[in-house]
Amino acid sequence: MRAEPSAGPVFGSLVAARGRPRRVAARAIAPSAAPLAPDDAGLRPIDFVVTALLRKRLLAGAFLLPCLAGLAAAALVETRFNAQAVLVALTAREGAGTQGLSGFGPSVVAVEITKAVRSEAEILRSVPVVQDAVAAVGAARLYPGIGEGGPLSWLRPAAGEAERVALAAERFARNLRIDTETGSNVLRVSFPFPDRALAVEALEALLAAYYERRRETFAEDGARLVGAELARRDETLRALETRIQQVKTEFGVLDIGQEITLTAARLDGLGQREDRAREQQATSAAQLAAARTRLAAQPGRVLASEDTTNVLPNDDARNQLTRLLLEQRQMASNYQPDYAPLRELERRIEVARSTVESAARTNLFTRRQVRNPTVELLAGRVAVLEVETDAWRAQSAELQRQRADLEARRLALLEAERRLRALERERGSLEAVTRQFVAREAGTRLDESAGREQPPSVRTVQAPTAPWQGQSPRLMLALGGVVAGLMFAAGVLIALTLSRRSLATPSEAERGLRLPALGVFGRLETAPARIITRPEAADLAALLLDARVGAHRPQIIRFVAPAGTVDEGAALRMLAVEFARNRGLQTLLVDLQSDGRGHLAALGSSPLEVERIPGQVLTFSTVIPNLWVSYEARDSRLLDPQASREQVELLAAQLRDAFDVVMVLGPDGGEDTYAMARLSALVDANVMLLRSEQTNVQAARAARDFVQDAGGHLLGFVVTEQRQLVPAALGRLL
């Protein structure tokens with residue numbers, strides 16, 4: 001009968017009911033002072049055995065693939081008859097190059113037999129010889145169906161006769177074998193073929209084609225070649241003379257040395273004239289600048305005289321006034337004051353007087369200026385200097401043009417000299433070679449006449465023949481397939497062992513991590529129907545209860561799962577049940593990887609809606625007495641980076657007071673944060689959780705180094721999901 005789950009209050013209230021929390025001594029989070037032993041990277045025989053058991057199918061495939069290939073090759077290979085012929089190479093004139101009768105040939109006394117034999121072997125296996133032999137026998141007879149389209153004729157059309165012969169010659173050359181020995185002049189020619197008679201016929205055709213090709217190759221036709229070469233060089237010499245004349249005509253020279261000397265002298269004279277022209281041009285420019293400066297400073301006109309008066313030109317007002325005054329005086333003495341003409345005269349006097357007074361207020365002056373004679377002199381000088389400057393500038397430009405023409409002419413003469421020198425050098429060498437060819441032609445004709453009467457230098461010692469019983473490499477191919485399969489499987493095993501990064505056995509984990517194995521769990525069910533315990537859980541519980549960190553038994557134990565490790569909740573639940581039910585200890589399972597709902601469901605409980613104090617650990621009871629499981633523990637101060645160290649230590653002290661054993665799972669080893677490092681140092685002990693055949697050794701080492709660098713005490717590791725890979729007897733033997 002399943003017990004009704006009861007929801008515990010927030011952890012602070014639970015601790016208050018049990019008593020006052022104890023003060024825990026603070027532990028500094030710092031790298032461990034003890035040196036870490038280096039990881040064991042060596043391989044042992046048991047590692048190869050474990051890899052072989054883990055990858056049995058792959059290794060079996062690696063072994064069977066070469067074996068099947070060897071068996072298939074043994075089934076398809078044919079029995080072949082090895083046709084063989086023996087030739088001997090003699091040291092004759094054509095092979096050794098001895099002294100000729102004429103005395104003009106090469107003088108080689110010592111003959112290297114190995115070189116002569118190898119040269120004959122190269123002629124035997126040459127493409128023209130092989131193609132002539134295949135054509136004589138028939139490509140279709142030797143290799144039926146070669147060059148035909150076959151089942152893929154729609155992709156590649158059938159080949160013509162020439163292409164069939166070429167393809168058959170390639171296959172013939174691959175099967176042909178020519179053996180030579182150092183210091184011996186014997187050649188052994190062999191040709192394996194499924195048909196004995198056809199193999200002998202093909203080898204006979206090969207020797208016939210070889211002798212024919214050799215006669216054509218060593219045919220003495222040197223005199224004709226020397227004559228043709230002599231005629232060709234004469235023609236080349238005449239063409240060279242024509243080219244020399246063309247170069248001279250192109251550049252217009254008779255004596256190239258004299259032309260270059262005259263051009264250099266003219267260039268030197270032009271350089272001196274250019275220097276004088278530049279000097280005169282600079283002098284004229286300086287005089288022109290000085291004349292223009294002084295001309296700009298001179299006034300255009302100068303003052304000759306200046307008059308000032310207040311009388312206007314042709315002004316008769318004063319004279320008119322004087323005449324009117326005289327006339328008035330005379331009329332006043334003769335007439336009465338009220339005489340009308342006298343009053344009219346007085347009015348005219350007033351008008352004349354006002355006119356004189358207005359003219360007295362106006363001052364007039366006259367200024368006379370004449371042209372400055374210095375300006376005319378300087379202007380004339382400026383005009384003369386401008387003309388001179390333009391003339392010198394034009395002369396400099398003309399001299400530069402002439403200099404450019406002479407420079408171009410000089411470069412052309414240098415190019416002509418280079419070309420003529422090369423042509424004359426070539427003509428000299430051609431003349432020397434032509435004289436040698438004239439002297440050699442007579443001797444070559446005499447050597448050819450003597451060489452026609454000598455016997456051939458290669459003779460057949462053994463005519464082509466083949467044994468009546470053929471040979472088949474079926475057994476060797478089958479054995480080779482087996483050996484290749486073993487070697488390939490061994491190579492694959494070594495590669496898999498070197499590339500394997502998972503920890504399959506506790507011994508591998510101990511060597512790879514330099515940590516002791518605390519416990520090993522076999523295959524566990526992910527959701528067992530009932531809560532059970534196993535002997536391995538009892539052994540691990542006893543070991544953890546007997547362990548001492550300093551002088552105290554560890555109460556808060558953190559189980560570290562490296563990055564990439566899958567859920568190991570079943571093993572921890574089994575260990576928690578062992579602590580709570582069989583040991584009678586108040587046990588708390590704190591899951592920092594998940595919210596804890598899976599543990600509650602597996603232990604017959606479920607979370608309830610309760611009030612929660614921020615930062616504290618919310619726990620719920622299970623059907624197992626004394627066993628509690630946390631819910632959403634990641635929201636507590638254990639992994640809160642904003643919480644202070646004192647708050648985390650206080651929470652740890654409350655956990656120690658409330659429970660006898662606190663099992664903390666996680667968080668994941670890949671979360672390398674300060675809060676995780678602080679938790680690794682504040683717990684009483686750390687234990688690594690490794691999943692057999694899945695946990696990566698690099699991730700496990702990283703998790704180990706992180707815990708030790710944080711200052712945490714690492715007891716060892718626990719392996720889960722371990723299966724019996726190596727038999728016990730074999731394991732003890734290895």
Side-chain angles (χ1 to χ4, degrees), residues 237-308 364-431:
L237 190 58
R238 285 192 295 271
L240 194 58
E241 291 287 350
T242 303
R243 290 172 56 190
I244 293 175
Q245 189 61 34
Q246 289 177 354
V247 171
K248 290 183 177 181
T249 304
E250 178 184 355
F251 291 96
V253 295
L254 295 176
D255 187 353
I256 187 65
Q258 185 178 2
E259 290 286 344
I260 293 176
T261 303
L262 292 176
T263 303
R266 291 186 62 189
L267 280 174
D268 183 63
L270 282 177
Q272 296 177 3
R273 292 179 61 187
E274 284 182 349
D275 294 339
R276 289 195 297 272
R278 281 194 295 268
E279 291 177 1
Q280 292 297 332
Q281 185 177 352
T283 302
S284 299
Q287 292 178 359
L288 179 61
R292 286 177 177 174
T293 303
R294 295 190 177 185
L295 179 60
Q298 292 292 331
R301 295 177 179 275
V302 295
L303 182 63
S305 60
E306 184 177 3
D307 297 330
T308 303
L364 301 177
F365 67 94
T366 300
R367 179 177 294 175
R368 179 173 172 271
Q369 293 182 346
V370 297
R371 183 174 180 84
N372 192 354
T374 305
V375 173
E376 294 181 358
L377 178 62
L378 291 177
R381 184 59 178 168
V382 167
V384 172
L385 291 175
E386 286 178 350
V387 172
E388 291 181 357
T389 302
D390 293 340
W392 286 114
R393 186 180 297 111
Q395 184 178 0
S396 298
E398 178 62 21
L399 291 175
Q400 291 178 0
R401 185 189 64 78
Q402 294 180 10
R403 185 179 184 84
D405 293 342
L406 285 178
E407 289 288 347
R409 176 62 176 172
R410 185 178 65 84
L411 294 178
L413 290 176
L414 292 177
E415 177 65 19
E417 182 187 18
R418 183 187 64 80
R419 293 171 59 179
L420 288 174
R421 185 178 299 173
L423 292 174
E424 290 174 355
R425 183 169 55 251
E426 185 178 356
R427 181 178 60 181
S429 62
L430 280 175
E431 289 176 349

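When every heavy atom of S284 is checked against every heavy atom of W392, the shortest pair comes out as OG-CD1, 3.5 Å. Contact between A285 and T389 at its shortest, heavy atoms only, is N-OG1, 4.1 Å.
In this structure, the side chains of R276 and Q395 stay at 4.5 Å or more apart for every pair of heavy atoms. With contacts defined as side-chain heavy-atom distances shorter than 4.5 Å, the pair Q402/L406 does not qualify.
Note: E388 CD to Q287 CD = 7.0 Å, rounded to the nearest 0.5 Å. Of the inter-residue distances, the one linking R403 atom CZ with S396 atom OG reads 12.5 Å to the nearest 0.5 angstrom. Taking CG of L270 as the reference point, atom CD of E407 lies at 9.5 Å (rounded to 0.5 Å). Rounded to the nearest 0.5 angstrom, D405 CG and R266 CZ are separated by 9.0 Å.
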### Query
Can E398 and R393 be said to form a side chain to side chain contact (heavy atoms under 4.5 Å, CB included), step by step?
CA-CA 9 Å; E398 178 62 21; R393 186 180 297 111; over 6 Å; no

